[in-house]
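The figures here come from the full heavy-atom set of this structure, side chains too, leaving out hydrogens, waters and symmetry mates.
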Amino acid sequence: MKVLIAGISSIVGRHLTQMLVQDGAKVVGIDRRPWLDPPEGVKLHPFDIRKRPAEDVFRTFRPDVVVHMATVTHLERKTEDRYRINLHGTRAVFDNCARYGARKAIFVGRHTYYGATPESPLFHRESSPPMASTTFPELADLVAADLYATTALWQHPSLESVILRLVYQLGPSRAATLASFLGGPRVPTILGFDPLFQFMHELDMARAIRSAMQPDLRGVYNVAGPNPVPLSTLIEETGRSRLPIPEPIFVRALGRFGLPRLPPGALGHIKYPVVVDDDAFRKEAGFVPEYDAPTTMRAFRTGSTSG
């Protein structure tokens, strides 16, 4: 099997590559970020996924499976850059998949697609609407990319399109959005709120993406790990101190006194839970996470895969 990974230099992309190489797959990657020591035989192309040189990789490599995780968040790029990378990059990936005969395309999205509001259901199913585009404007480009990827299910019927909406990443690398929020010794919370947080070990994320490669699997799937835990528990078990702040002064305190920077739209995610129902993916892909919540939180705290 030949696999092309857009965003291969990410933590999950690297774990996935290692797994696929062990499985005997031939892997190439497209990513402008460096990876100095990829596995033997893995070639990294430092191209913009939207540009002609990236299309030439599709044309010459002719992948069987394409994994698209080359999206960026509000923490990494400005709004105009995110729209170009996330939306136009996603379009380029699916167009190239169809043009050069890929069997399957996997879009790696985020469960924050559903948004965090006081009216949200306890569990979001795949049919739930994308409220994040209105409650969290900084996520609008990722929502648009997810929706565009979903159109591939009918625009390219010969392509097995899989859209994965994964929960927060957590693990020993201490990378990604949730890790940034938990990065300091004190984690700010909004006084009177203690929402459930749903996360999964970064190695389980890679395993989930690999599970989505099986033949005939197609559609939109929520992907989760262990049961969610209250934010207060997450903070305590990762070795941090909780700092409750009254909501009127919460925004003014962020980015100061050693606290993380967050956009205004993120407040809803510190007040209300975003919990997904992942039954469909577990049943249809046969995916079962290997890491429970205590082990995953301990791995983040210690920086060790074993926790």
May I have the step-by-step check of ring pair (Phe, Tyr, Trp, His ring centres under 6.0 Å) for F197 and H269, ending in yes or no?
-> CA-CA 9 Å; F197 265 62; H269 291 257; 8.3 Å; no
Given side chains that start at C-beta, do those of F107 and Y148 come closer than 4.5 Å, heavy atoms only?
-> no
So CG of N96 and CZ of R50: to nearest 0.5 Å the spacing works out to 13.0 Å
Name every donor-acceptor pair, under 3.5 Å, that has one atom in a side chain of residues 203-214 and the other anywhere in the protein, sequence neighbours excluded.
residue : atom : partner : partner atom : Å
D204    : OD1  : R207    : NH1          : 2.7
D204    : OD1  : E290    : N            : 3.0
D204    : OD2  : E290    : N            : 3.1
D204    : OD2  : Y291    : N            : 3.0
R207    : NE   : E290    : OE2          : 3.3
R207    : NH1  : V288    : O            : 3.3
R207    : NH2  : V288    : O            : 3.3
R210    : NH1  : D23     : OD2          : 3.3
S211    : OG   : R207    : O            : 3.0
Q214    : NE2  : S211    : O            : 2.8
Q214    : NE2  : A285    : O            : 3.0

Atom CZ of R242: over 12 foreign heavy atoms under 6.0 Å = yes
Can you check whether L170 reaches L182 side chain to side chain, under 4.5 Å on heavy atoms?
-> yes
Please report the C-alpha distance between M297 and L234 in whole Å, then the side-chain angles of each, then the deciding distance to 0.1 Å, and finally whether the side chain to side chain contact (heavy atoms under 4.5 Å, CB included) criterion is met.
-> CA-CA 7 Å; M297 292 185 287; L234 176 59; 3.8 Å; yes
Straight-line distance of R32 CZ to H45 NE2, nearest 0.5 Å = 15.5 Å
Does the side chain of P188 reach to within under 4.5 Å of the side chain of F181, using non-hydrogen atoms?
-> yes
Please name the pair of heavy atoms, one in T90 and one in A145, separated by the smallest distance, quoted to 0.1 Å.
-> OG1-CB, 3.6 Å
Testing D146, T112, N222 for side-chain hydrogen bond (donor to acceptor under 3.5 Å, both in side chains) with R165, which one passes?
-> D146
Salt bridge check: are D277 and R125 linked by an N-O gap of less than 4.0 Å?
-> yes
Evaluate the salt bridge (charged side-chain N to carboxylate O under 4.0 Å, His left out) criterion for residues K283 and D279: first the C-alpha distance (whole Å), next the side-chain angles of each, then the deciding distance (0.1 Å), finally the verdict.
-> CA-CA 6 Å; K283 291 177 181 177; D279 282 350; 5.0 Å; no
Counting N and O atoms only, with roles assigned by atom type, does the side chain of S120 sit under 3.5 Å from a partner on the main chain of A116, one being a donor and the other an acceptor?
-> no
Working to the nearest 0.5 Å, report the span between OH of Y272 and CD of E119.
-> 8.0 Å
If we ignore angles and hydrogens, is there a donor and acceptor under 3.5 Å between the side chains of S232 and D194?
-> yes
Does any donor atom in the side chain of E202 or H15 lie under 3.5 Å from an acceptor atom in the other side chain?
-> yes
Evaluate the side-chain proximity of E160 to I106: yes if any heavy-atom separation is below 4.5 Å, no if none is.
-> no
R298 side chain to S304 side chain, donor-acceptor N/O pair below 3.5 angstrom | no
Answer yes if F287 and V220 sit in the same cluster of Ile, Leu, Val, Met, Phe, Trp and Tyr residues linked by side chain heavy atoms under 4.5 Å apart, and no otherwise.
-> no
Side chains of P289 and R282: does their closest heavy-atom pair fall under 4.5 Å?
-> yes
Would you kindly confirm whether V27 and F61 end up in one hydrophobic cluster when ILVMFWY residues are joined by side chain heavy atoms under 4.5 Å apart?
-> no
Of all the heavy-atom pairs spanning A179 and A175, show the shortest one and how long it is.
-> CB-O, 3.3 Å
Start with the C-alpha distance between L4 and V67, add both sets of side-chain angles, then the distance that settles side chain to side chain contact (heavy atoms under 4.5 Å, CB included), and finish with yes or no.
-> CA-CA 6 Å; L4 187 156; V67 179; over 6 Å; no
For the atom pair CD1 (I11) and CG (L16), what is the distance rounded to the nearest 0.5 Å?
-> 13.0 Å
Donor-acceptor under 3.5 Å (R91 side chain, G89 main chain) | no
The complete set of ring-ring contact (aromatic ring centres under 6.0 Å, His included) pairs with one or both residues in residues 207-254, sequence neighbours excluded, reads Y221-F281
First locate atom CD of E55, then atom CG of D95, and finally report the distance between them rounded to the nearest 0.5 Å.
-> 9.0 Å
Indicate yes or no for a side-chain donor-acceptor contact from D31 to the backbone of I8 under 3.5 Å, with no hydrogens or angles considered.
-> yes
Enclosure of K2 NZ (heavy-atom neighbours >12, cutoff 6.0 Å) = yes
Shortest non-hydrogen contact from H156 toward A98 | ND1-CB, 3.4 Å
Does D64 pair with K104 as a salt bridge, N-O distance under 4.0 Å?
-> no
Are the side chain of R14 and the backbone of S9 linked by a donor-acceptor contact shorter than 3.5 Å?
-> yes
Run the side chain to side chain contact (heavy atoms under 4.5 Å, CB included) check on V167 and D278 step by step: do they pass?
-> CA-CA 10 Å; V167 299; D278 65 335; over 6 Å; no
Look up atom CE in M200 and atom CG in D292, then write down how far apart they are to the nearest 0.5 Å.
-> 13.0 Å
Contact check, side chains of H201 and P172, non-hydrogen atoms, under 4.5 Å = yes
Would F199 and Q169 count as a side chain to side chain contact (heavy atoms under 4.5 Å, CB included) if you check the C-alpha gap in whole Å, the side-chain angles of each, and the deciding distance to 0.1 Å?
-> CA-CA 6 Å; F199 53 84; Q169 171 185 330; over 6 Å; no
For G7, does its backbone N or O pair with a side-chain atom of S10 as donor and acceptor, under 3.5 Å?
-> yes
Should L142 and Y113 count as side-chain neighbours, where that means a heavy-atom distance under 4.5 Å?
-> no
For Y100, is the NZ or CZ atom of R62 found under 6.0 angstrom from the centre of its six-membered ring and inside 45 degrees of the ring axis?
-> no
Non-hydrogen atoms of F47 and I30 that approach each other most closely | O-CG2, 3.5 Å
Of all the heavy-atom pairs spanning L159 and C97, show the shortest one and how long it is.
-> CD2-CB, 3.9 Å
Report yes or no: do V143 and L164 belong to one cluster of Ile/Leu/Val/Met/Phe/Trp/Tyr joined by side chain heavy-atom distances under 4.5 Å?
-> yes
Flag yes if more than 12 heavy atoms outside E126 fall under 6.0 Å of its CD atom; otherwise flag no.
-> yes
Given the rule that I, L, V, M, F, W and Y join up when any side-chain heavy atoms are under 4.5 Å apart, are V108 and V66 in one cluster?
-> no
Hey, any chance L243 and I235 share a hydrophobic cluster, counting ILVMFWY side chains that come within less than 4.5 Å of each other, even indirectly?
-> yes
Of all heavy-atom pairs linking L44 and R33, the shortest is CD2-O, 3.8 Å
Does any non-hydrogen side-chain atom of I190 lie less than 4.5 Å from one of L267?
-> yes
